[in-house]
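Working notes, structure below.
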Amino acid sequence: QVQLVESGGGLVQAGGSLRLSCAASGRTFSNHAMGWFRQAPGKEREVVADISWSGSSTYYADFVKGRFTISRDNAKNTVYLQMNGLRPEDTAVYSCAAARRPYGSRVDGENNYWGQGTQVTVSS
């Protein structure tokens, strides 16, 4: 059974930092793109960042460029999201995703394995 378990969310003041982790189990995702999405109340889910299966290419949404960094450790079957310079508008549930198709450079919009999500709240 595939499981993606996020950790590292919490409450932080504006300008602060958090590091999210997503540990996968049930299969290896070393050959699969992985990424992070977020969903704020009343809004649609949106991609935040993703990383290719090899780690050689990354994608960042414009609203996090220069503030967030995605990385992966295939030996640990884990993907990370370092979030610096957090803003109140970053408040959302952050979910980890792993592409079902191997050897891709991006996660899909829907056809992924999904974690349950972790709450990130940024106070002003």
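Any value given below was found using the heavy atoms of this structure, including those in side chains, with hydrogens, waters and symmetry copies removed.
Following chains of ILVMFWY side-chain contacts shorter than 4.5 Å, one cannot reach V47 starting from V120, and the two form parts of different hydrophobic clusters. Put simply, V12 and V64 are part of the same group of oily side chains (I, L, V, M, F, W, Y) that touch within less than 4.5 Å, one to the next. Transitive grouping of hydrophobic side chains (ILVMFWY, heavy atoms separated by less than 4.5 Å) brings V48 and Y60 into a common cluster. Y94 and F37 are assigned to two separate hydrophobic clusters, defined by single-linkage of ILVMFWY side chains at heavy-atom distances under 4.5 Å.
Contact detail for S57 and S105: the closest heavy-atom pair is OG-CB, 4.1 Å. Of all heavy-atom pairs between M34 and R72, the closest is SD-NH2, 3.7 Å. For the residue pair V107 and N112, the shortest heavy atom distance occurs at CB-OD1, 3.8 Å. Shortest non-hydrogen contact noted between V79 and C96 is CG1-SG, 3.8 Å. Residue Y113 comes nearest to A99 through the heavy atom pair CD1-O, 4.5 Å, listed as atom of the first residue, atom of the second, then distance. Shortest non-hydrogen contact noted between L86 and L18 is CD1-N, 3.9 Å.
More than 12 non-hydrogen atoms from other residues, nucleotides or ligands lie less than 6.0 angstrom from CD of Q39.
One distance of note links CG of L20 with CD1 of I70; it measures 10.0 Å at 0.5 Å rounding. Between the OH atom of Y103 and the OG atom of S54 there is a distance of 11.0 Å, given to the nearest 0.5 Å. For the atom pair OG (S25) and CD (Q1), the distance works out to 8.0 Å, reported to the nearest 0.5 Å. Once rounded to the nearest 0.5 Å, the distance linking CZ of R19 with CG of L81 reads 10.0 Å.
Side-chain contact between S95 and Q116 is absent, with no heavy-atom pair separated by less than 4.5 Å. Inter-residue side-chain proximity for T91 and Q119 is flagged as met; some heavy-atom pair is nearer than 4.5 Å. Side-chain contact between E89 and F63 is absent, with no heavy atoms from C-beta onward closer than 4.5 Å. In this structure the side chain of R38 reaches within 4.5 angstrom of the side chain of E46, judged on heavy atoms.
Using a 4.0 Å cut-off between a side-chain N of Lys or Arg and a carboxylate O of Asp or Glu, E110 and R45 qualify as a salt bridge. A salt bridge between R100 and D108 is absent, with no side-chain N of the basic residue lying under 4.0 Å from a carboxylate O of the acidic one.
For residues 49-64, the pairs satisfying salt bridge (charged side-chain N to carboxylate O under 4.0 Å, His left out) are D50-R106, D62-K65, with sequence neighbours left out.
Ring to ring, W36 and F68 are not that close: their centroids are 6.0 angstrom or more apart.
In terms of modelled atom types and a separation under 3.5 Å, the side chain of E6 and the main chain of G117 share a donor-acceptor contact. Using modelled atom types, one side-chain atom of N77 and one backbone atom of A24 make a donor-acceptor pair closer than 3.5 Å. Of the possible polar contacts, one joining the R67 side chain to the G85 backbone as a donor-acceptor pair under 3.5 Å is found.
With a 6.0 Å cutoff to the six-membered ring centre and a 45° limit on the axis angle, R27 counts as a cation-pi contact of F29.
Looking only at atom types and distance, the side chain of T78 has no donor-acceptor partner in the side chain of D73 under 3.5 Å away.
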